[in-house]
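Numbered from 1 within each chain, the chains take letters A, B, ... in sequence-line order. These numbers come from a predicted model, not from an experiment.
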Amino acid sequence: MNVETGIAKIETRDLDFYYGPTRALKRVNVSCYKNRVTAIIGPSGCGKSTFIRTLNRMNDVIPGTRVEGTILLDGKDVHAPDVDVVELRRRVGMVFQKPNPFPKSIFDNIAYGLRINGMKDKRKLEEVVVRSLRGAALWEEVKDRLDENAFALSGGQQQRLCIARALAVEPEVILFDEPCSAIDPIATAKVEDLIETLEKSYTVVIVTHNMQQAARVSDYTAFMMLGELVEFDVTEKIFTNPVNKLTEEYITGRFG
Amino acid sequence: MRKWASLEESVIRAFFLTCGILAVLVLVGIFATLLSTAVPAFKEIHLSEFLLKKNWDPTSPEKAEYGILSMIVSTLMVTGGALLLAVPIGIGVAAYLSDVAHWRVREIVKPIVEILAGIPSVVVGFLGIVLFGPAIAKIFHIGNGLNAVNGSVLLAIMSLPTIISISEDALNAVPQAYGEASLALGASRWQTLFRVKVPAALSGIIAACMLGMGRAIGETMTVLMATGNARAFPHGFLSSVRTMTANVAIELGEVPYDTTHYYALFAIGLVLFVMTFIVNLVADVILRKYQEREQ
Ligand SMILES: Nc1ncnc2c1ncn2[C@@H]1O[C@H](COP(=O)(O)OP(=O)(O)O)[C@@H](O)[C@H]1O
Ligand SMILES: [Mg+2]
């Protein structure tokens with residue numbers, strides 16, 4: 001693989017993952033570069049979610065699971081004994097497939113991540129809430145209703161709220177797990193635009209089953225199948241001139 | 001076919017309507033009976049005297065006294081004390097079971113907790129006499145341990161199963177997505193539990209506590225056995241107290257029919273009924289407010 005070298009923010013080395021006896025990831029080697037968008041594509045059940053959830057150790061909470069191999073964040077093993085998983089998740093934020101705002105007000109949703117870190121200063125909180133909502137391109141739509149329950153928002157707005165909530169804790173990496181699969185096309189376009197702007201300040205990893213989306217938003221693409229990484233390269237190369245036959249068949253829609 | 005279906009539909013509807021009406025009728029019937037038997041008491045007793053005077057001595061040869069304030073305060077103390085103990089412990093255990101415990105532990109503990117709810121109140125009262133009474137006497141260096149604290153402890157034990165079981169159901173019903181969202185933001189497990197899961201389950205938890213309180217406030221046998229039943233106005237939690245329920249149970253067997261004393265006992269029942277009604281009403285209002293906010 002002749003991937004242009006940048007600064008790898010996240011790097012996995014021979015990453016294996018087991019749900020009990022089932023091996024869901026097999027020796028996956030992927031690098032996610034700083035200020036770049038990396039897309040993970042592949043047929044349903046190939047381990048995309050499993051992969052992205054190992055990056056912020058969200059799979060830790062599922063009983064009976066096991067990780068082998070290494071995940072490096074800024075060159076440091078995230079499973080090292082001195083790594084605080086809470087701190088790791090603060091640095092590596094995540095947006096889920098289904099919008100999952102808390103049953104709280106819009107303001108409280110975004111302030112949550114700061115409040116759990118002990119921030120009480122109302123003025124500072126407001127400042128961050130506004131900045132995060134702006135960052136998630138949601139400010140104009142909700143600026144007059146910050147006290148309203150987040151459930152009053154549309155699905156697409158809820159998803160951007162979840163993005164804003166993730167931005168509020170100032171992560172370095174943001175992981176998206178099929179962020180657009182539960183929202184409509186217009187909302188999808190907004191989220192895609194947003195991801196492209198996020199690239200400037202963050203490292204972005206996005207799982208998607210939508211190949212056009214991967215082609216549109218990402219700089220690098222990893223194609224996975226049955227828990228294995230089939231091909232990883234610059235997005236343009238994957239979509240125009242893939243090395244692996246399986247990749248070619250998948251992106252031309254012969255299976256999936 | 002269509003006809004049958006619609007006939008079936010209307011039969012079922014009629015059945016449920018009847019059930020509903022019956023339930024309301026029973027409730028109204030109870031209230032009416034209570035009211036009609038209680039009202040004659042107020043021919044001789046002033047309502048304000050009844051509710052606000054401390055002395056209850058209906059059989060005094062000189063001047064019968066019908067003040068139930070001591071009993072009202074006793075009931076509130078014993079119930080309030082029970083809630084003070086049972087609510088934090090109940091929520092704690094529920095949180096432990098739903099969030100921390102291994103599923104196998106939960107599978108064993110939860111049925112046991114639910115069985116505890118079925119222990120007869122006499123048995124709990126017995127525990128109060130032989131176990132908690134002496135223990136309380138020893139701890140506080142007092143003559144005997146039949147007092148408000150004892151009643152509170154026992155009522156807490158009795159309402160715990162309800163509070164635990166229903167709170168745990170409520171916590172389990174909180175969508176997993178909330179917990180994941182919180183963890184992904186760098187919240188610890190405890191922060192996730194107390195800042196996201198418990199608030200999301202709050203309506204269920206409040207309902208659980210109210211049901212537990214309902215059980216406590218109306219409980220008779222246990223407090224009768226364990227609180228000492230002194231008529232005097234309680235000075236504190238270490239005083240022997242006589243709750244409204246206990247007083248009715250003690251005196252109703254021996255009171256002559258058709259006397260002011262007899263009717264006054266029903267009036268106590270009526271006050272108790274109104275108190276539980278208010279508790280439920282308040283709970284309902286809180287719940288509705290909360291649910292409105294959630295929508
Ligand atoms: N919690 C789980 N327990 C057991 N197996 C799981 C769990 N989650 C996912 N899997 C299995 O792991 C494999 C990969 O799943 P997933 O990562 O969700 O795939 P994708 O996101 O690519 O659709 C699938 O075979 C799936 O059945
Ligand atoms: Mg998935």
At a 4.5 Å cut-off on heavy atoms, which part of [X] comes close to chain B: side chain, backbone, both, or neither?
X: A:P171; answer: neither
X: A:R57; answer: neither
X: A:V61; answer: side chain
X: A:K98; answer: neither

So which heavy atom on A:S31 is nearest to which on A:E11, and how close?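 Smallest interatomic distance, heavy atoms only, reads OG-CG, 3.4 Å.
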
Hey, is CE on B:M275 packed in by over 12 heavy atoms from elsewhere, all under 6.0 Å?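 For B:M275, atom CE is crowded (more than 12 foreign heavy atoms under 6.0 Å).
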
Here's one to test your reading of the geometry: is the NZ or CZ of A:K122 within 45 degrees of the ring axis of A:F107 and under 6.0 Å from its centre?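 Output yes; distance and angle both within limits.
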
Assess A:R165 against A:F102: is NZ or CZ under 6.0 Å from the centre of the six-membered ring, and within 45 degrees of the ring's axis?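 Yes, A:R165 and A:F102 form such a contact.
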
Return the option, out of A:V169, A:N117, A:V86, with the maximum number of heavy-atom pairs under 4.5 Å with chain B.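 Counting heavy-atom pairs under 4.5 Å, the top option is A:V86.
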
Run through A:R91, A:R131, A:R90 and flag the one making a side chain to side chain donor-acceptor pair (under 3.5 Å) with A:E170.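 Result for side chain to side chain donor-acceptor pair (under 3.5 Å) with A:E170: A:R131.
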
